[in-house]
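See below for the structure under consideration.
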Amino acid sequence: MNFGTMKHKDKDGKPSSYQDKSSRTVPMAITFFVLCGFSFYLGGLFCSEKDKYETVKVKDAAEIPKSTAAGPHQIKDVSFPDCGLNYQDYTPCTDPKRWKKYGMHRLTFLERHCPPAFERKECLVPPPDGYKSPIRWPKSRDQCWYRNVPYDWINKQKSNQHWLKKEGDKFLFPGGGTMFPNGVAEYVDLMENLIPGMKDGTVRTALDTGCGVASWGGDLLDRNILTVSLAPRDNHEAQVQFALERGIPAILGIISTQRLPFPSNSFDMAHCSRCLIPWTEFGGIYLLEIHRVLRPGGFWVLSGPPVNYENRWKGWNTTIEEQKLDYEKLQELLTSMCFKFYQKKDDIAVWQKSLDNNCYKKLDSPDNYPMKCDDGTEPDSAWYTPLRPCVVVPGQKYKKLGLKALPKWPQRLHVAPERVSDVRGGSDGAFNHDDSKWKTRVKHYKKLLPAIGTDKMRNVMDMNTLYGGFAATLIDDPLWVMNVVSSYASNTLAVVFDRGLIGTYHDWCEAFSTYPRTYDLLHLDGLFTAESHRCEMKYVLLEMDRILRPNGYAIIRESSYYVDAVAIIAKGMKWGCRKEETEYGVDKEKILICQKKLWYSSTKPSSR
């Protein structure tokens, strides 16, 4: 069963034959009714379920009605083997075993490089020996089980900076960092004094580049600021996995040669604490990417070289003259991109992206560097899109894009953002309808799965969100949601960020940028209906199994056919599933509630 097709994108990384979510459902709806009519004459096997509420176990749900045999999809019972302990931390698209195939220039080998189809693994990634259910939030912010992330290197190398320390069968997180060895709370307190908007709901979303074990993002959660912590898979051994094990949002990523997987003008704040990104090299191209993803009026915070070089240069293996030149070059580059110096105290310096588009008029000069990006550069194209040495100027048509123009948190959560009008079929009314719809749906989900809203679930992913309605409805629960928008779907991720939520672009034909066992709940709504013409269902489900924690759950909302098909494959992944009615009890759509079982590998480690 292979539904996959080759991707064709234009120069900005967008698909050449794009259809949005709603338009893709039309052929499926036609097919559905044709099959219904056909099956009526064959005995009504496909569409004659009675209007009743029932729960079906996998062994029952796995029986596909005979009338679908004439359809395009043939599903057979399947069983997947254990990948083996060598794959316990397998990240397919950032696999260290494949790094040598790619260049060292600008650390491109650390970017996403997914294996070709013939190298895909058709097996189940096991947990480490001794794996336990993660410590529950909020205790998990300060401790995790050693056996769940059994990496000693980072403990030995960073213990003097108080990132973490091993104590008995646990890792403890004192809240330290390279630039805040006395604790992250004191560091953020100083930052709040420099940026008052961090205290009053003005600043809601943040990006932390080179995040370590995400202590900065973890502290901000108590201050109602939601952070995407970003780090590559590198010699720090599982920074992102430590972050997610703690219950703090994080993804694998690096600013190298490609744009970060976020829309333009999205984050209220970006942060680098001695993240070792060479900001002044390559014409300041990494700063240009920070400029692109920050909304007007957003803040960029830097601590570490070359800030406070007058007092710190001796510990940086450099000279005061070199650091002075680097700081002056940094300031010059930021000014050329319409950043204004905002505040500075000790090791922390803050710049603010201009709220006034008049600043960008100077970029019209042919002798100016950096230049303004031309009209052919799509500002939100960010899936395998190359970095470009030009400034993405915020659109003139937006009046409420800037940080000061947005409602403060939490009011902005339920206010229709200005950019909803850019979405095909989008409007204030459509946004409000979606918001209301998810309140009804989530209420029903909680009846089907009472663990939602308890401390049993912390890390949640909405695999194909529209406006983030699922996440918005769960906002008062002790969890966070990573909102994923398909790189082939209508671009709604900007709306998600505008309402104060976080997310990323992704193509589910490939592996997600995270470690195994990092999410407690995966939710999808019509993903297979929308993407099965490109992505093989088996591989999407295997990826879901890789990133789902043992004993974690999946809520799969799909057409009746896909629910039955998923149930067969899920059984082969050792999942336990039951089929449920939707909140409206309609025949054409069902909900599959699945739980991944905890099991251990029976194979011994060997060289890969």
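Basis for what follows: all heavy atoms, side chains included, without hydrogens, waters or symmetry-related copies. FYI, the numbering just counts along the sequence from 1.
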Hey, does Thr514 have a side-chain heavy atom less than 4.5 Å from the side chain of Thr91?
no
Under the criterion side chain to side chain contact (heavy atoms under 4.5 Å, CB included), which of Leu524, Asn483, Val484, Leu522 is the partner of Asp462?
Asn483
Separation of Asp587 CG from Ser559 OG (nearest 0.5 Å)
12.5 Å
Roughly how far apart are Met482 CE and Thr465 OG1, rounded to 0.5 Å?
12.5 Å
Do NZ/NE/NH1/NH2 and the carboxylate oxygens of Lys447 and Glu583 come within less than 4.0 Å?
no
Ignoring hydrogens and geometry beyond distance, is a side-chain donor-acceptor pair present between Asn459 and Trp480 at under 3.5 Å?
yes
Say whether, by atom type as modelled, one donor and one acceptor occur between the side chain of Thr454 and the main chain of Lys456 under 3.5 angstrom.
yes
Side chains of Lys590 and Tyr562 in contact at under 4.5 Å (non-hydrogen atoms):
no
Taking every non-hydrogen atom, the tightest pair across Tyr151 and Asp89
OH-CB, 3.1 Å
Side-chain donor or acceptor of Arg259 paired with backbone N/O of Thr385 under 3.5 Å:
no
Verify side chain to side chain contact (heavy atoms under 4.5 Å, CB included) between Tyr553 and Asn551, making sure each step is shown before the conclusion.
CA-CA 7 Å; Tyr553 292 90; Asn551 297 320; over 6 Å; no
Salt bridge Arg557-Glu580, side-chain N to carboxylate O under 4.0 Å
no
Please determine whether a side-chain nitrogen of the Lys or Arg among Glu167 and Lys170 lies less than 4.0 Å from a carboxylate oxygen of the Asp or Glu.
no
Answer yes when Arg98 and Asp95 have at least one side-chain N-carboxylate O distance shorter than 4.0 Å, and no when they do not.
no
Taking the side chain as every heavy atom from C-beta outward, state whether Pro249 and Thr227 have any pair of such atoms under 4.5 Å apart.
no
Answer yes or no on whether Arg441 is positioned over the face of Phe470, meaning its NZ or CZ is under 6.0 Å from the six-membered ring centre and within 45° of the axis.
no
Output the distance between atom CZ (Arg517) and atom CG (Leu598), rounded to the nearest 0.5 Å.
10.5 Å
Side chains of Thr257 and Glu111, donor plus acceptor under 3.5 Å
yes
Say you draw a straight line from CG of Leu521 to CD1 of Ile555; how long is it, rounded to the nearest 0.5 Å?
5.0 Å
Kindly say whether Gly585 contributes a backbone atom to a donor-acceptor pair with the side chain of Thr582 at under 3.5 angstrom?
yes
I need the single residue from Tyr384, Trp383, Tyr488 that forms a ring pair (Phe, Tyr, Trp, His ring centres under 6.0 Å) with His506. Which is it?
Trp383
Are the side chains of Ser513 and Arg112 in touch, meaning some heavy atoms are under 4.5 Å apart?
yes
Closest approach of Gly526 to Glu558 (non-hydrogen atoms, all atoms of both residues):
C-OE2, 3.0 Å
Can a donor-acceptor pair be found, under 3.5 Å and without considering hydrogens, that links the side chain of Trp508 to the backbone of Leu527?
no
Do Glu531 and Ser486 meet the criterion of a side-chain donor-acceptor pair at a distance under 3.5 Å?
yes
Quick one: does any side-chain atom of Arg141 pair with a main-chain N or O of Gly218 as donor and acceptor, under 3.5 Å?
yes
Look at the side chain of Ser140 and the backbone N and O of Glu245, then say whether any donor-acceptor pair between them is shorter than 3.5 Å.
no
Would you say the side chain of Phe512 lies within less than 4.5 Å of the side chain of Ile251, judging by non-hydrogen atoms?
yes
Decide whether Thr603 and Ser601 meet the rule of one side-chain donor and one side-chain acceptor closer than 3.5 Å.
yes
Are Asp520 and Arg549 ion-paired here, with the side-chain N under 4.0 Å from a carboxylate O?
yes
Any donor-acceptor pair under 3.5 Å from Arg546 side chain to Val125 backbone:
no
For Val566 and Leu541, what are the C-alpha separation, side-chain angles and deciding distance, and is it a side chain to side chain contact (heavy atoms under 4.5 Å, CB included)?
CA-CA 8 Å; Val566 167; Leu541 287 166; 3.9 Å; yes
Derivation of the side-chain hydrogen bond (donor to acceptor under 3.5 Å, both in side chains) call for Tyr505 and Asp380
CA-CA 10 Å; Tyr505 294 120; Asp380 288 352; 4.7 Å; no
Side chains of Lys571 and Ser79: does their closest heavy-atom pair fall under 4.5 Å?
no
If the plane angle is over 60° it's perpendicular, under 30° parallel, otherwise tilted; pick one for His113 and Tyr102.
parallel
Identify the two heavy atoms, one from Lys121 and one from Tyr539, that lie closest to each other, and give their separation to 0.1 Å.
O-CE2, 4.2 Å
Mark yes when over 12 heavy atoms from residues, nucleotides or ligands other than Lys132 sit less than 6.0 Å from its NZ; otherwise mark no.
yes
Straight-line distance of Leu244 CG to Asn148 CG, nearest 0.5 Å:
13.0 Å
Is any side-chain heavy atom of Pro134 closer than 4.5 Å to a side-chain heavy atom of Lys139?
no
Assess Lys574 against Trp599: is NZ or CZ under 6.0 Å from the centre of the six-membered ring, and within 45 degrees of the ring's axis?
yes
Heavy-atom check, side chain of Pro150 versus side chain of Gln88, under 4.5 Å
yes
Closest heavy-atom pair and its distance - Asp434, Leu466
OD1-CD2, 3.8 Å
Set out, in order, the CA-CA distance, both residues' side-chain angles and the distance that settles side chain to side chain contact (heavy atoms under 4.5 Å, CB included) for Arg147 and Tyr131, then state yes or no.
CA-CA 5 Å; Arg147 292 307 313 171; Tyr131 180 91; 5.8 Å; no
Ring pair (Phe, Tyr, Trp, His ring centres under 6.0 Å) with Phe242: which of Tyr515, Tyr146, Phe171?
Phe171
Can you list the steps and then say if Lys446 with Asp477 is a salt bridge (charged side-chain N to carboxylate O under 4.0 Å, His left out)?
CA-CA 12 Å; Lys446 288 186 174 182; Asp477 292 332; 2.8 Å; yes
Ring-face cation of Arg246 near Phe173 (centre distance under 6.0 Å, axis angle within 45°):
yes
For the CG atom of Leu260 and the CG atom of Leu207, what is their distance to the nearest 0.5 Å?
6.5 Å
Nearest heavy-atom contact between Glu581 and His444 is O-NE2, 2.9 Å
Side chain to side chain contact (heavy atoms under 4.5 Å, CB included), that's the test. Do Asp507 and Cys535 meet it? Break it down for me.
CA-CA 9 Å; Asp507 177 2; Cys535 312; 4.1 Å; yes
Flag this pair as yes if the NZ/CZ of Lys596 is under 6.0 angstrom from the six-membered ring centre of Trp575 and inside a 45 degree cone about the axis; otherwise no.
no
Between Asp82 and Ser602, which heavy-atom pair has the shortest distance, and what is it?
OD2-N, 3.3 Å
